[in-house]
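Reading through the structure tokens given below for one structure.
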Amino acid sequence: MTQERNGGGGASLQLRDIAVAFSGKTILDVPRLDVGEGSLVALTGPSGSGKTTLLHVLAGILKANQGSVVWGDTDLAGLRQSASDAWRYSNVGLVFQEFHLIDQLSPIHNVTLPATFSNFTVPDSLHRRAVQLLSDFGVPIGARSVKTLSRGERQRTAIARALLLRPSILLADEPTASLDEESARQITQTLTEAAAGQTILIVTHDPIVIECCPRVIRLERGKIVSDTATLGAGAPS
Ligand SMILES: Nc1ncnc2c1ncn2[C@@H]1O[C@H](COP(=O)(O)OP(=O)(O)OP(=O)(O)O)[C@@H](O)[C@H]1O
Ligand SMILES: [Mg+2]
């Protein structure tokens, strides 16, 4: 059985009445958000506005206090944490704001890590894909540990890891934050090319990313204050 889990195609999202509160303070309050299959959406807004929190709710990492998050036919609110984790493994590529790489491992081992969750050894096809992604992204493949990589190289390793299994949903938290303009353009191009099939939400402040996204949603103080269709370069012609 191949581990390249997605044969193409994204998933649609229907989010309803989501609220998240910490210590009695509401930090996310989204009555409704619909995202079509294969969409490419930028999520922007000031620091502390709830962008990462929303992304974690969408990934099923964080349970909202109320409401539903339905991806395709799956309502995350109705799943136990273990089922939610299994769903995420099969469907979502995640780029965390803080990368979450394993310092002791090499770039290649970090990228192929998701393939080891369901397999004792990494299939050759995925090993080759990992090498290709890392080399496309200019990450030193021979490095023994990601600890010695620059912040930008670590970020690109995290993005390669999220893309490895061709997930139907890609959720990326500030994926270009540490990158120079040229690297940011290259990563954005890779992400937007994938948008032909995958459903992609990118938390970003980066104008390079925003200009490529056909839809831009802005959060302020936990609420969606604008939701705009743009003529981004990634917009379907
Ligand atoms: N586990 C938590 N406990 C308490 N407060 C939290 C927790 N997680 C997030 N918050 C608060 O929720 C708010 C939104 O945080 P979040 O990380 O989603 O913001 P953000 O828009 O991603 O910000 P940034 O652009 O700085 O990454 C912040 O005020 C934050 O302090
Ligand atoms: Mg954040």
Side-chain angles (χ1 to χ4, degrees), residues 13-35 39-71 76-77 79-82 84-85 88 92-101 150-163 167 169-181 183-184 187-188 191-192 199-213 215-228 230 232:
L13 167 69
Q14 285 189 318
L15 178 151
R16 296 287 180 272
D17 295 322
I18 283 295
V20 174
F22 291 115
S23 310
K25 186 180 172 217
T26 301
I27 56 133
L28 195 64
D29 176 12
V30 180
R32 184 184 177 117
L33 174 62
D34 293 299
V35 175
S39 299
L40 172 59
V41 180
L43 190 57
T44 191
S47 180
S49 57
K51 304 181 298 297
T52 295
T53 305
L54 176 56
L55 216 65
H56 287 184
V57 168
L58 295 180
I61 294 171
L62 178 66
K63 290 270 180 211
N65 299 82
Q66 62 167 60
S68 63
V69 179
V70 180
W71 281 107
L76 297 186
L79 298 182
R80 289 163 185 254
Q81 196 59 52
S82 57
S84 180
D85 293 344
R88 184 167 57 257
V92 181
L94 258 169
V95 183
F96 289 95
Q97 193 164 10
E98 302 304 332
F99 312 156
H100 293 195
L101 297 175
S150 72
R151 190 171 162 81
E153 288 166 345
R154 290 167 64 82
Q155 182 148 33
R156 282 175 270 155
T157 304
I159 294 167
R161 183 180 58 187
L163 293 173
I169 301 161
L170 184 68
L171 304 174
D173 203 344
E174 314 250 17
T176 61
S178 312
L179 305 180
D180 58 83
E181 195 174 319
S183 303
I187 293 293
T188 306
L191 293 178
T192 53
T199 305
I200 304 184
L201 279 98
I202 309 178
V203 169
T204 189
H205 297 285
D206 187 342
I208 292 171
V209 180
I210 290 173
E211 79 186 16
C212 290
C213 291
R215 182 175 172 194
V216 179
I217 294 172
R218 183 172 174 83
L219 274 183
E220 285 180 18
R221 293 189 205 88
K223 291 180 189 289
I224 293 178
V225 293
S226 68
D227 186 345
T228 321
T230 71

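For ligands, and for the atoms within them, numbers begin at 1 and follow the listed sequence.
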Original post:
Going by the atom numbers of ligand 1, which of them fall below 4.0 Å from some non-hydrogen atom of Gln97?
Top reply: 27 (O)

**OP:** In plain terms, say whether Asp173 and Lys51 are close enough for a salt bridge, that is, a side-chain N and a carboxylate O under 4.0 Å apart.
**Re:** no

**OP:** Could you check if a side-chain atom of Leu94 sits within less than 4.5 angstrom of a side-chain atom of Arg88, using non-hydrogen atoms only?
**Re:** yes

Original post:
What's the shortest distance from atom 16 (P) of ligand 1 to any protein heavy atom, and which residue and atom give it?
Top reply: Thr53 OG1, 3.6 Å

Original post:
Do NZ/NE/NH1/NH2 and the carboxylate oxygens of Asp34 and Arg16 come within less than 4.0 Å?
Top reply: yes

Subject >> Close approach of Pro46 to ligand 1, heavy atoms, under 4.0 angstrom >> reply: yes

**OP:** Ignoring hydrogens, tell whether any protein atom lies closer than 4.0 Å to atom 31 (O) of ligand 1; use the non-hydrogen atoms only.
**Re:** no

Original post:
Ile200 and Ile202: which non-hydrogen atoms are nearest, and at how many Å?
Top reply: CG2-CG1, 3.6 Å

Original post:
Per the side chain to side chain contact (heavy atoms under 4.5 Å, CB included) rule, which among Thr44, Ile224, Val225 passes with Ile217?
Top reply: Ile224

Original post:
With a cut-off of 4.0 Å, which atoms of ligand 1 are near a heavy atom of Gly50?
Top reply: 14 (C), 18 (O), 19 (O), 20 (P), 21 (O)

**OP:** Quick one: closest heavy-atom pair of Leu76 and Lys63, and the distance?
**Re:** O-NZ, 2.9 Å

Original post:
At their closest point, which heavy atom of Ile18 faces which heavy atom of Ala64, and how far apart are they?
Top reply: CD1-CB, 3.6 Å

**OP:** Considering only non-hydrogen protein atoms, determine which one is nearest to atom 26 (O) of ligand 1 and report residue, atom name and distance to 0.1 Å.
**Re:** Ser47 OG, 2.6 Å

Original post:
Can an N, O or S atom be found in Ser47 less than 2.8 Å away from the Mg ion (ligand 2)?
Top reply: no

Subject >> Contact summary for Ala77 and Ser68, nearest pair of heavy atoms >> reply: CB-CA, 4.3 Å

Subject >> Criterion side chain to side chain contact (heavy atoms under 4.5 Å, CB included) against Thr188, the qualifying member of Pro175, Cys212, Cys213 >> reply: Cys212

**OP:** Considering only non-hydrogen protein atoms, determine which one is nearest to atom 25 (O) of ligand 1 and report residue, atom name and distance to 0.1 Å.
**Re:** Lys51 NZ, 2.7 Å

**OP:** For atom 17 (O) of ligand 1, grab the closest protein heavy atom and report residue, atom and distance to one decimal in Å.
**Re:** Thr52 CB, 3.7 Å

Original post:
Does ligand 1 have an atom that lies less than 4.0 angstrom from a heavy atom of Gly48?
Top reply: yes

Original post:
Can you find an N/O atom of Ile27 closer than 3.5 Å to an N/O atom of ligand 1?
Top reply: no

Original post:
Does the shortest distance from the Mg ion (ligand 2) to an N/O/S atom of Thr53 fall below 2.8 Å?
Top reply: no

Original post:
Is any heavy atom of the protein nearer than 4.0 Å to atom 6 (C) of ligand 1?
Top reply: yes

Subject >> Top protein contact for atom 9 (C) of ligand 1, by heavy-atom distance >> reply: Phe22 CE1, 3.7 Å

